[in-house]
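All chains are named by letter (A, B, ...) in the order of the sequence lines, taking the proteins before the strands, and each is independently numbered beginning at 1.
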2 protein chains.
Amino acid sequence: MRADAKRNYDKLLQAAREVFRERGLEAPLDEVARRAGVGAGTLYRHFPTRDDLLNALMQAFIDRLDAAAEAAIAVDGSPRERLLCWIRGGVAEVTYSKGAAAKLTAALGDDESRIATKAAAFAQASGRVVEALGVDLRPGLDGVQLARLVGGLAMVVDQGDLDESSFAPLADVLVDGLLAPTVVGS
Amino acid sequence: MRADAKRNYDKLLQAAREVFRERGLEAPLDEVARRAGVGAGTLYRHFPTRDDLLNALMQAFIDRLDAAAEAAIAVDGSPRERLLCWIRGGVAEVTYSKGAAAKLTAALGDDESRIATKAAAFAQASGRVVEALGVDLRPGLDGVQLARLVGGLAMVVDQGDLDESSFAPLADVLVDGLLAPTVVGS
DNA sequence: ACCTGAACACCGTTCAAGT
DNA sequence: ACCTGAACACCGTTCAAGT
């Protein structure tokens with residue numbers, strides 16, 4: 001890639017990061033080009049669709065999501081506490097940008113999605129938590145299912161601008177439902 | 001309301017019902033006006049915003065939701081079966097139109113929403129199920145919380161086009177988390 | 001009173017002309 | 001090769017002119 005192209009590519013990513021954070025993932029793309037100081041055509045050359053731009057932005061997001069999963073697995077406490085840590089961490093990361101939860105959850109079952117690799121990373125991070133919790137979880141649960149539930153809760157938070165006191169009881173319901181019957185109520 | 005105005009109002013509702021069903025809740029409004037055979041201005045006179053149009057359409061939807069709640073309460077079986085019936089019925093109604101789940105869930109905590117009355121009806125239907133299940137449910141649960149969880153699951157189904165086999169385990173997680181600890185695992 | 005539809009605004013997307 | 005930005009298309013919304 002030519003030096004000026006690389007520079008424009010980076011300027012677009014930085015501008016998109018700012019614009020999407022301020023105005024959500026449906027923000028006008030011409031604002032992204034304008035703030036990056038490039039023509040509209042340059043944006044479309046580098047990122048043919050909005051989701052391609054989003055996909056490039058999401059690398060850092062996935063890194064944080066992986067870190068949240070590792071942190072949850074490493075929690076020194078009960079299975080319940082480890083699971084709750086992942087649900088809290090996962091929801092917090094996935095709701096970082098308005099609309100991201102819906103896009104990621106939709107991409108979980110769609111290989112054709114432009115952000116399919118990011119959704120797969122979300123499912124894999126969930127899968128690592130599932131494996132770490134092992135027999136403490138209800139049998140048959142897999143990473144995709146857990147990611148869907150975390151994504152669903154994240155969408156509720158995203159749509160409703162829920163604060164901590166509204167979020168906590170919903171997370172509790174999810175945790176109790178996810179734990180193996182013998183552990184529930186302990 | 002003048003006779004011709006009433007006629008246009010009804011034609012717009014019928015056209016919107018068809019267009020929203022075919023193309024989702026974000027379908028172009030000029031298509032609604034075109035199919036109703038009226039000018040664009042007439043649409044905006046009767047329904048200043050898209051959500052006002054949606055709100056008018058949703059009356060029938062709320063009636064079906066109420067019926068689903070009554071049916072769940074009347075189920076001759078365990079609390080688990082009654083709750084599962086409501087979750088299945090609620091999700092089925094709320095996902096009837098693509099995008100409806102997200103709109104309704106967002107409106108659950110927003111009195112300013114143009115569909116606030118419909119969201120309130122959703123919460124009340126959930127609340128009736130909560131009351132009917134009484135001590136079988138985890139303590140502290142209210143209709144809004146249950147509606148949020150049903151809405152979250154409905155958004156997951158809506159976003160991912162889930163089939164029955166993918167939906168069932170997620171509904172099971174929710175049911176187990178919602179039941180009182182002493183009942184879980186029975 | 002209510003309706004029509006042309007007109008304007010906004011934004012996504014393309015492409016001819018430039019460097 | 002890559003970039004620019006004018007141009008086109010689409011759709012939401014308004015409003016002057018009609019009935």
Side-chain angles (χ1 to χ4, degrees), chain A residues 1-58 97-100 102-103 106-107 112-115, chain B residues 1-58 97-100 102-103 106-107 112-115:
Chain A
M1 188 181 281
R2 232 166 61 176
D4 56 344
K6 168 70 172 156
R7 200 169 347 108
N8 283 335
Y9 181 95
D10 290 338
K11 283 196 291 187
L12 281 165
L13 275 189
Q14 183 53 35
R17 215 183 319 270
E18 294 171 18
V19 172
F20 285 170
R21 187 163 309 169
E22 290 168 17
R23 309 188 40 180
L25 299 187
E26 305 306 320
L29 289 181
D30 63 347
E31 163 117 13
V32 172
R34 200 179 53 70
R35 199 177 299 202
V38 305
T42 302
L43 191 159
Y44 284 93
R45 159 177 288 272
H46 286 300
F47 306 103
T49 74
R50 180 185 296 269
D51 280 351
D52 285 314
L53 181 53
L54 193 58
N55 187 54
L57 275 181
M58 274 190 164
S97 232
K98 209 160 181 53
K103 290 221 169 232
E112 304 299 306
S113 166
R114 310 315 296 256
I115 59 169
Chain B
M1 188 180 281
R2 232 168 58 179
D4 56 345
K6 168 70 173 155
R7 200 170 347 109
N8 283 334
Y9 181 96
D10 291 337
K11 283 196 290 187
L12 281 165
L13 275 190
Q14 183 53 35
R17 213 182 320 270
E18 294 172 16
V19 172
F20 285 171
R21 188 163 308 169
E22 291 169 18
R23 307 190 40 179
L25 299 186
E26 305 306 322
L29 289 181
D30 63 347
E31 163 117 14
V32 173
R34 199 179 53 70
R35 199 177 301 200
V38 306
T42 302
L43 189 158
Y44 284 92
R45 158 178 288 272
H46 286 299
F47 307 102
T49 73
R50 178 186 297 269
D51 280 351
D52 286 314
L53 180 54
L54 193 56
N55 188 55
L57 274 182
M58 275 190 164
S97 233
K98 206 158 184 54
K103 291 222 169 230
E112 305 299 306
S113 166
R114 310 314 298 256
I115 60 168

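Residue-level contact check: A/Ala5 touches the backbone only, with heavy atoms under 4.0 Å from sugar-phosphate atoms and none from bases.
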Could you walk me through whether A/Leu29 and A/Phe47 pass side chain to side chain contact (heavy atoms under 4.5 Å, CB included), step by step? CA-CA 11 Å; A/Leu29 289 181; A/Phe47 306 103; over 6 Å; no

Could you walk me through whether A/Leu54 and A/Arg114 pass the side chain to side chain contact (heavy atoms under 4.5 Å, CB included) test, one step at a time? CA-CA 9 Å; A/Leu54 193 58; A/Arg114 310 315 296 256; over 6 Å; no

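Both B/Gly41 and B/Tyr44 lie close to DNA chain D; mapped to their nearest nucleotides by heavy-atom distance, the more 5′-ward contact belongs to B/Tyr44. Heavy-atom distances to DNA chain C give each of B/Arg2 and B/Thr42 a nearest nucleotide, and the one nearer the 5′ end belongs to B/Arg2.
Between the P atom of C/dG12 and the CG atom of A/Asp52 lies a distance of 15 Å, rounded to the nearest Å. Per the geometry, CG belonging to A/Asp30 stands 14 Å off C1' belonging to D/dA6, to the nearest Å. Separating the CG atom of A/Asp4 from the C1' atom of D/dC2 is a distance of 6 Å, rounded to the nearest angstrom. With rounding to whole Å, A/Leu53 atom CG is found 12 Å from C/dT13 atom P. Between B/Glu31 atom CD and D/dC11 atom P the separation is 9 Å, expressed in whole Å. The distance between atom CZ of B/Arg50 and atom C1' of D/dG12, rounded to the nearest whole Å, is 9 Å. Atom pair A/Glu26:CD and C/dC10:P shows a separation of 19 Å (rounding to whole Å applied). Regarding A/Leu29, its CG atom lies at a distance of 7 Å from the C1' atom of C/dG12, rounded to whole Å.
The CG atom of B/Leu43 lies 12.5 Å from the NZ atom of B/Lys11; values are rounded to the nearest 0.5 Å.
Of the nucleotides present, D/dT19 is the one that pairs with C/dA1 by Watson-Crick or G-U wobble criteria, both distances under 3.5 Å. The partner of D/dA7 is C/dT13, judged by Watson-Crick or G-U wobble contacts that both fall below 3.5 Å.
OP1 or OP2 of C/dC2 has not a single side-chain nitrogen or oxygen of B/Asn8 nearer than 4.0 Å. When the side-chain nitrogen and oxygen atoms of A/His46 are compared with OP1 and OP2 of D/dC2, none of them lie within a distance under 4.0 Å. Side-chain nitrogen and oxygen atoms of A/Arg45 include at least one within less than 4.0 Å of the OP1 or OP2 phosphate oxygen of D/dC2.
The two atoms that bring A/Asn55 and A/Ile115 nearest to each other are OD1-CA, 3.6 Å, heavy atoms only. Summarising the geometry of A/Leu12 relative to A/Ala33, their closest heavy-atom pair is CD2-CA, 4.2 Å, with the distance given to 0.1 Å.
Listed candidates were C/dC3, C/dA1, D/dC11. Nearest to the side chain of B/Pro28 is D/dC11. Considering only the side chain of B/Ala40, D/dT13 comes nearest among C/dC2, C/dT14, D/dT13.
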